[in-house]
A.B. asks: 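Structure provided below as structure tokens; questions to follow.
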Amino acid sequence: MIVLGIEGTAHTLGIGIVTEKKVLANVFDTLTTEKGGIHPKKAAEHHARLLKPLLQKALQTAGITMEDANVIAFSQGPGLGPALRVVATAARALAIKYEKPIIGVNHCIAHVEITKMFGVRDPVGLYVSGGNTQVLALEGGRYRVFGETLDIGIGNAIDTFARELGIGFPGGPKIEKLALRGERYIELPYAVKGMDLSFSGILTEAVRKYRTGKYRVEDLAYSFQETAFSALVEVTERAIAHTGKDEVVLVGGVAANNRLREMLKAMTEDRSIDFFVPPYDLCRDNGAMIAYTGLRMYLGGVRFSLGDTVVKQKFRTDEVEVIWN
Ligand code: ATP
Ligand code: FE2
């Protein structure tokens, strides 16, 4: 079976083409802005402009035509309304024109489901990106959120701190590099609140300390990472204890971070459970994860009418009944 998936919840437009076992194409284009921040309308314009060329590129890369695709999948939410609507409209148009079934996919679930292409069975997922920070796992037939950020996403917190330091966007890789030269831990507020997380306190305090001019930026970057990542690992570990699962996957753009990987690896080794991080192009926002989740849903018997394809800006992971596993 061949499924074409379109991702467009935020600033990345991605088109992926997959089979049960393989990614045939996974192309994307990200709208970047110097100042960062959310631009729903600009993201929508970006997606509308790039849909056709990106679709052609994906088909060419996969060596197929639209007729060869068996199902069209698209990111139904959560995300920016205008961006979601462009993608949903495109998916509907393709489904109608080529007479293919259509499947709407939850973006957060897709980040975790793609790991199953690599043999992961039933993991606790730590999904960390610019806008999202969630610990999720299947329980009782739904992906339940065991902990999530109460304010900003971890990637967003890092990017904002990097901007304050004047080292540009995206800040993640730059803060990671600086942190390697950290020598001293500087106290920052811890980010766990019950089972949830909060990063605005760390951010505010790190910025405040930076502005005093009394601290090395390397030490601040190091301390920022250690504090924020420890909180992520703690909540992930608690979800494992609660669910009894024996696999952890790390997904989302922040999965690129080697320190975060190292910390999660140590925790999972301590517990003698598996740890997996997909290749980066399948961690960040991408079309292949949407296509692959759509494929699993379709094979598992999920069907959508066109009326079911309305976008959901606040689409929660636990709204979806996971009948396909
Ligand atoms: P979403 O819509 O799911 O929130 P996104 O638009 O933030 O996703 P992604 O590509 O998933 O897009 O993630 C980008 C984020 O990942 C940015 O905040 C970036 O700073 C962060 N990031 C990238 N590399 C690293 C790294 N090495 N360390 C920490 N953060 C990183
Ligand atoms: Fe994402």
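Note that ligands are numbered from 1 as they come in the structure, with each ligand's atoms numbered from 1 the same way.
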A.B. asks: What is the closest protein heavy atom to atom 18 (O) of ligand 1, and at what distance does it sit?
C.D. replies: D159 OD2, 2.6 Å
A.B. asks: What atoms of ligand 1 come within less than 4.0 Å of a heavy atom belonging to Y127?
C.D. replies: 1 (P), 3 (O)
A.B. asks: Counting only nitrogen or oxygen atoms and a 3.5 angstrom limit, does G252 reach ligand 1?
C.D. replies: no
A.B. asks: Going by atom types only, do E319 and Y143 share a side-chain donor-acceptor pair under 3.5 Å?
C.D. replies: no
A.B. asks: Less than 4.0 Å is my threshold; does some heavy atom of H11 fall inside it relative to ligand 1?
C.D. replies: no
A.B. asks: May I ask whether D285 places a heavy atom under 4.0 Å from ligand 1?
C.D. replies: yes
A.B. asks: Which ligand 1 atoms does G155 reach within 4.0 Å, using its non-hydrogen atoms?
C.D. replies: 18 (O)
A.B. asks: Can you tell me which residue and heavy atom of the protein come closest to atom 10 (O) of ligand 1, and the distance to 0.1 Å?
C.D. replies: R284 CB, 3.5 Å
A.B. asks: Would you say H107 touches ligand 1, if touching means a heavy atom closer than 4.0 Å?
C.D. replies: yes
A.B. asks: Could you tell me, atom by atom, which parts of ligand 1 come under 4.0 Å of a heavy atom of E176?
C.D. replies: 26 (C), 27 (N), 28 (N)
A.B. asks: Around atom 22 (N) of ligand 1, find the nearest protein heavy atom and jot down its residue, atom name and distance.
C.D. replies: G253 O, 3.7 Å
A.B. asks: Side chain, backbone, both or neither: which part of P173 has a heavy atom under 4.0 Å from ligand 1?
C.D. replies: both
A.B. asks: Which atom, among the N/O/S set of D285, is closest to the Fe ion (ligand 2)?
C.D. replies: OD1
A.B. asks: Give me the residue, atom name and distance of the protein heavy atom closest to atom 15 (C) of ligand 1.
C.D. replies: G130 N, 3.8 Å
A.B. asks: Any non-hydrogen atom of G153 lying under 4.0 Å from ligand 1?
C.D. replies: no
A.B. asks: Could you tell me whether R259 and E262 make a salt bridge, using a distance below 4.0 angstrom between a side-chain N and a carboxylate O?
C.D. replies: yes
A.B. asks: So, is N257 polar-close to ligand 1, with some N/O to N/O distance under 3.5 Å?
C.D. replies: yes
A.B. asks: Atom 26 (C) of ligand 1: which protein heavy atom is closest, and how many Å away?
C.D. replies: G172 C, 3.5 Å
